[in-house]
Amino acid sequence: MRLSRYFLPILRETPKEAEIVSHRLMLRAGLIRQQAAGSYSWLPLGLRVLDKVNAIIREEQNRSGAIELLMPTIQSAELWRESGRYDAYGKEMLRIKDRHERDMLYGPTNEEMITDIFRAYVKSYKDVPLNLYHIQWKFRDEVRPRFGVMRSREFLMKDAYSFDIDQAGARHSYNKMFVAYLRTFHRLGLTAIPMRAESGPIGGDMSHEFIILASTGESEVFCDKAFLDYQVPTADTNFDDVAGLESIVKKWTTPYAATSEMHDAAAFDTLPADDRVSARGIEVGHIFYFGTKYSQPMNAVVKGPDGQDVPVHMGSYGIGPSRLIAAVIEASHDDGGIIWPEAIAPFKVGILNLKVGDQATDAACETLYHALEARGIDVLYDDTDDRPGAKFATADLIGLPWQAVVGPKGLAEGKIELKRRTDGSRQLVSLEDAVAILSA
RNA sequence: CGGAGUGUAGCGCAGUCUGGUAGCGCACUACGUUCGGGACGUAGGGGUCGCAGGUUCAAAUCCUGCCACUCCGACCA
């Protein structure tokens, strides 16, 4: 992509409404634009990141055996009356009437709808376990949206729903998601710690929040230092190995970890002082097992081997990709701007042409640009006629992992400069070597 | 929902107290000079001063009502 033809509305000054780092940087780097309280447009650069985050989430959901579908955002109130939640949910749910005066709602979550789909088609114990998920916009009419996309009213959510014949099966489904979540957050460059959680309005009795540590986090959290050294399960983890998954989950749920609501100071204090981590955290995922809470009232049953109807045991599993992006920025930035993990960077490489119009410089940039594009690398070529200083500032702000700095000075020796955004380290290399390094 | 604020050009702000031709910086357009860490000069363009009503010869400025947004708190993916 050539910057001169791209849509990248950078803000030089910080909009006054933005208090926290991620919000400031997302506005300045042209990732999002606020449209109303808690409502944001995703601009091209932001959308690229969102798509990459979603791709990783998908890969890990699919790897664990979950299957993607897509449900509508507007739902009928009828389903929610069946589960009893139409009255229970409260003002957070945006209620709408259609032209026929039918009660509709903008979905804050999809347990009812997925249960409806399940019960319509699945009739036998032979067809479970089943885990269906989608990545879709949700609306929750928060009393007080804030912190940009960290707490918005309209937000993207990956929500998965598992169906099993009994609690033991549901436990395994829960463990699959648990491991998938560990892997997902790890691939995004985050250290996420599972913490026992209250099950909230969704109900149920087995629930974990995945929290990443960040000094600007919304909640206070406490955990054992041991988590920081834990190795995340590898990609070849066998998700059908019941005992294997159980032992992974056990390992990750044994050391002390709790949010302030669940905190047990006495238990925490039994840890050696050096092992106690008390910090701020951001919730990036939440998983629940809630048994037959929805299947019973909504009559989602399957025939068991004995011919009897059994209500299915369900769980639900949520990740907020839009919030996740803010969390990544909170965890990874410096004074100059965002520092994207390579996996979700909107572009892997930025080419900085320091002297547009200079024949040798233009030629070197074009050669590099085409070579990288030909290799399928996402590259943003800054071919604008801004001065070098402005280009450096922009490149740092939008946080691309690699900057290929091309100017007459280096080219005099046949070299360009490769700079890493993470640590600012630079190396002078030939064009060919640059292509090789960036393609690796 | 309680408390505190803010709305003036795309962004950041001054002007409001004390009513009298709507300003500054950045950004934008043109030309020139510059060019390895957010350049400079000259000349331009752009505003229903959040909305409605009122007071007045005259309202960004005073009064009344409304709307939007932000922050702190309680609540939450």
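Bear in mind that the values here come from a model prediction, so they are computed numbers and not experimental data. Chain identifiers are assigned alphabetically (A, B, ...) following the order of the sequence lines, protein sequences preceding nucleic acid strands; residue numbering begins at 1 within each chain.
At least one side-chain nitrogen or oxygen of A:Q34 sits closer than 4.0 Å to the OP1 or OP2 atom of B:U70.
For A:S22, the side chain to side chain donor-acceptor pair (under 3.5 Å) partners two or more places apart in sequence, or in a different chain, are A:E330. Residues passing the side chain to side chain donor-acceptor pair (under 3.5 Å) test with A:Q136 are A:H134, A:K138, sequence neighbours excluded. Residues satisfying the ring pair (Phe, Tyr, Trp, His ring centres under 6.0 Å) test with A:Y133, not counting sequence neighbours, are none.
Taking atom P in both B:G25 and B:A14, one finds a spacing of 16 Å when rounded to whole Å. For the C1' atoms, the distance from B:A39 to B:C17 is 40 Å, rounded to whole Å. Nucleotides B:U21 and B:A59 place their P atoms 12 Å apart, quoted to the nearest Å. Taking atom P on both B:A9 and B:G15, the two are 15 Å apart, rounded to the nearest angstrom. If you take atom C1' in B:C76 and the same atom in B:G37, they sit 43 Å apart, rounded to whole Å.
As judged by a 4.0 angstrom heavy-atom cut-off over every strand, A:V284 is placed among residues making no nucleic acid contact.
No side-chain donor from either of A:R2 and A:Y369 sits under 3.5 Å from a side-chain acceptor of the other.
One distance of note links CZ of A:F347 with CG of A:L372; it measures 12.5 Å at 0.5 Å rounding.
A:K16 contributes no side-chain N or O that forms a donor-acceptor pair with the base of B:G5 under 3.5 Å. A donor N or O paired with an acceptor N or O is found under 3.5 Å between the base of B:G25 and the side-chain atoms of A:E13.
Of the residues near RNA chain B, A:R151 and A:K91, the one whose nearest nucleotide (by heavy atom distance) lies more toward the 5' end is A:K91. The residue among A:Q35 and A:R144 whose nearest nucleotide of RNA chain B is located toward the 5' end is A:Q35.
Screening residues 47-83 of chain A for ring pair (Phe, Tyr, Trp, His ring centres under 6.0 Å) gives A:W80-A:Y89 as the qualifying pairs, with residues at least two apart or on separate chains.
Of the residues in residues 354-366 of chain A, those placing a heavy atom less than 4.0 Å from an atom of RNA chain B are A:L354, in numerical order.
A donor-acceptor pair is defined here as one N or O able to donate and one able to accept, closer than 3.5 Å; such a pair exists between the side chain of A:T253 and the backbone of A:K250.
Residue A:E19 places its side chain closer to B:C71 than to any other of B:C35, B:A77, B:C71.
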Enumerate the protein-to-nucleotides 38-46 of chain B contacts in which both atoms are nitrogen or oxygen and the separation is below 3.5 Å.
residue, atom, partner, partner atom, Å
B:G38, O2', A:R12, NH1, 2.7
B:G38, O6, A:R28, NH2, 2.7
B:A39, OP2, A:R387, NE, 3.3
B:A39, O4', A:R387, NE, 3.3
B:A39, N9, A:R387, NH1, 3.4

